Amino acid sequence: MRLHPYIKHLLTGCRQLGVALWLAVQAVAAPVRRNLLFCLTMLAIHFICVWRQTQYEGEVWLHVEEVIQDLYVICLVLTLLPRRWRRVVRRVLYVAAFVLAGFEVFLTERLQMLYTPTALQLLSETNPKETSEFFLAYCHGPALWRTLALFVPLALLVRWLGKHGRRWVLKLKLHWLLPLLNVAVPVLLVTATLDTTEQRRRQWHFFTEESSMRTEKAKWETFYTPAWRLAWSWHMLRVADGELEVLRQNMRRISVDSCSARCPNIVLVIGESYNKYHSQLYGYRPKTTPHQLQMQREGSLVAFPHVVSCWNMTSNVFKHALSTHSLDQKGSWCRGVLFPALFRKAGYRVAFLTNQFKADRGQKGFDFNGSFFLNDPELDTLCFDHRNTRLYRYDRDFIREYENYRPAACNLIIFHLFGQHEKYSYRLGKEDIYFTTDSVRRRRLKRSQKQVVADYDNATRYNDDVIRRICDYFKDDDAILIYFADHGEEVLDFSNMEGRTPAEPPVPIVAYYEFGVPFEIWFSPKFKESHPDVVDKVKQARDRRFMTDDLPHLMMGLAGIHSKYYNPHRDLFHHDFDTTRQRLIKGLYDYDKLVKGTPFDVYAKYRREPETTDPVKKPNYKKAKWNTN
Ligand SMILES: [Zn+2]
């Protein structure tokens, strides 16, 4: 049959286009084809790691797509290398992958840990003696054998396939696999690229971020292989080290102009995970804070209703509540100085008693609870005269550490409690249980949820007793005590949320419960007598809005410290206090704008009724509009 010349032309064109497409597909697949055994081995290692570390729970399949992407890039680089170099580099990569994955799986099997900044810090600071001790202490038993049983056979199989694989492919007539591979590689690559853009964006943000506040928020799932987790840990340590160095330099230069020591004994008590709406001082009905309520009725305690925390994460609160730098200022927290050092410079004796991290001068690097900068030997020396060296299961035993302290003429005593940290029932002994599921009158909650609320209320009541005991230590001194919590907590109040969420931006209910904190001032009888002016100023400031990142200015104001770091506009008790200040929680979200117009806008309610002395009323949650998360 004779074809029309036009159709002939068309068919030739189509054939040429097909050939060009096929060549392009082959070219895309070439890097994988040339390193097929390498790719398959890395995938096998990935599956072993995920199996041992997460038992295939969570977003495993998404991570396979990312691993495929990573492998393609590595194969492409290998293909571009000269032949001689390619073999050497590939061998190095094999060894590195087996060692990194094997060691991490061993850590998981033996110590239930992955590569994290803390783990990397520990490993990098270990000297040869400690390394040998580590191996003697840990590298035996079933965990080691299980790890070896997983990786040694795989390594032997890879070696055998490397030598004889090609022959067996020919023998088993498997060459039909090649065209399949040519098609599969481009298809997988395109799908993976489309699916993983968000994950890549998160990684990019993390590695270009230079502030520890932001880097700390990265989820570990973003780093899905041992190599990525090592990179993550290294970057976190580098950022923390950089901030520490800046802070050290600032702290070496601190100076104080004068100090009147108008309040000679200042006690700062930092609570933990305190949902203030579970305190009688803030309108809760069950008897969770009888002692504090009694003090308030006697006129020796003032509870501030409009105080919010700057973060809902302990370590970030510590940085900002201790540093003279505030979140609405430019730059990072390390641009300021830590206020306890100013107190020392001004002649106060400073004690830091914490039940969450003990003084460990060997630790230099990273920690999630704030100790990474407070345990730095130089900063520790500059800030504190006295530290506790052990931790206690219960706060009531911990506060007795104060009995080891020798007071001077002027003292700043900082207590950092375990407070109401999860798990709530662990915070007190059986003899201190007061609330049970039957005492929780919330019909919508299941029995197990009522138990959580009862546990939390018990912890709050126990904390009340701890505060009373701390006040007792100072009842005969000329002392003022400031109590606040690092952040709030959600305890199934009007949502099914328990604990805290890193979700951004925070929705009104999260801002209200997780960032609203109790803030209380207690005066000893002697203090009330000798400082009526301070007592008056405190009482007058009660209804002001305040965020805890300005705490250093309030502290310096109480001590009468004058220095270039003190700003009266940020001192809650000063008549020049700036009541219009933007309270940017997490440094980004205006708290007042966030809750404005929602049932959580308690400040608006107060402004309408300035004369009221009632405790803050609970919001009408039926009208609330929010997304629970
Ligand atoms: Zn905390």
Side-chain angles (χ1 to χ4, degrees), residues 117-118 212-217 219 240 268-279 282 288 307-323 327 333 338 352-358 366-375 388 391-395 398-399 414-428 452 455-460 462-464 466-467 470 482-493 497-504 506 510-520 546-551 583 585-587 591:
T118 319
S212 65
M213 289 190 307
R214 301 265 146 223
T215 49
E216 273 178 30
K217 285 187 352 185
K219 288 182 182 172
L268 178 67
V269 183
I270 306 172
E272 173 64 61
S273 308
Y274 201 134
N275 178 325
K276 70 175 180 182
Y277 309 102
H278 281 241
S279 155
Y282 293 92
T288 48
V307 177
V308 296
S309 169
C310 41
W311 273 85
N312 59 350
M313 198 170 150
T314 311
S315 58
N316 286 342
V317 172
F318 257 80
K319 288 171 196 163
H320 287 99
L322 296 189
S323 166
L327 265 168
W333 67 284
L338 305 177
F352 180 48
L353 307 170
T354 166
N355 204 17
Q356 292 199 26
F357 37 91
K358 57 184 175 184
F366 208 88
D367 204 304
F368 286 94
N369 62 8
S371 61
F372 90 89
F373 67 98
L374 290 173
N375 279 351
N388 57 310
L391 307 179
Y392 296 80
R393 165 116 194 232
Y394 301 122
D395 278 342
F398 152 68
I399 57 169
I414 305 172
F415 288 93
H416 176 212
L417 307 174
F418 224 100
Q420 290 103 297
H421 197 288
E422 273 183 315
K423 191 176 175 179
Y424 316 133
S425 60
Y426 288 6
R427 304 283 80 87
L428 60 150
V452 171
D455 290 343
Y456 190 81
D457 289 354
N458 280 322
T460 308
Y462 179 85
N463 186 67
D464 179 58
V466 170
I467 294 170
I470 295 177
I482 300 109
Y483 173 72
F484 77 102
D486 59 350
H487 47 73
E489 181 90 343
E490 287 198 64
V491 193
L492 303 159
D493 304 274
M497 178 68 189
E498 180 197 330
R500 279 164 284 136
T501 168
E504 286 195 27
V510 169
Y512 185 74
Y513 284 110
E514 298 184 22
F515 291 80
V517 283
F519 192 90
E520 302 162 22
F546 184 68
M547 189 156 86
T548 52
D549 61 337
D550 277 345
L551 183 82
R583 301 189 291 176
I585 56 176
K586 296 187 170 186
Y591 177 88

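Values below: all heavy atoms of this structure, side chains included; hydrogens, waters and symmetry mates excluded. As the structure lists them, so they are numbered: ligands from 1, and atoms in each ligand from 1. Fair warning: this is a prediction, and the values are worked out from it, not measured in the lab.
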| Does H487 bring an N, O or S atom to within less than 2.8 Å of the Zn ion (ligand 1)? | yes
| Residues in side-chain contact (heavy atoms from CB on, under 4.5 Å) with D550, at least two apart? | S326, F546, H553, R570, R581
| Tell me, do L417 and V269 make a side-chain contact under 4.5 Å, heavy atoms counted? | yes
| Do you see a donor-acceptor pair shorter than 3.5 Å between the side chains of H416 and D486? | no
| request: Output yes when a side-chain donor or acceptor of R427 lies under 3.5 Å from a complementary backbone atom of N463, and no otherwise. | output: no
| request: Give a rough value, rounded to 10 degrees, for the angle at the Zn ion (ligand 1) between atoms OE2 of E272 and OG1 of T314. | output: 130°
| task | Taking the Zn ion (ligand 1) as the reference point, name the nearest N/O/S atom of D486. | result | OD2
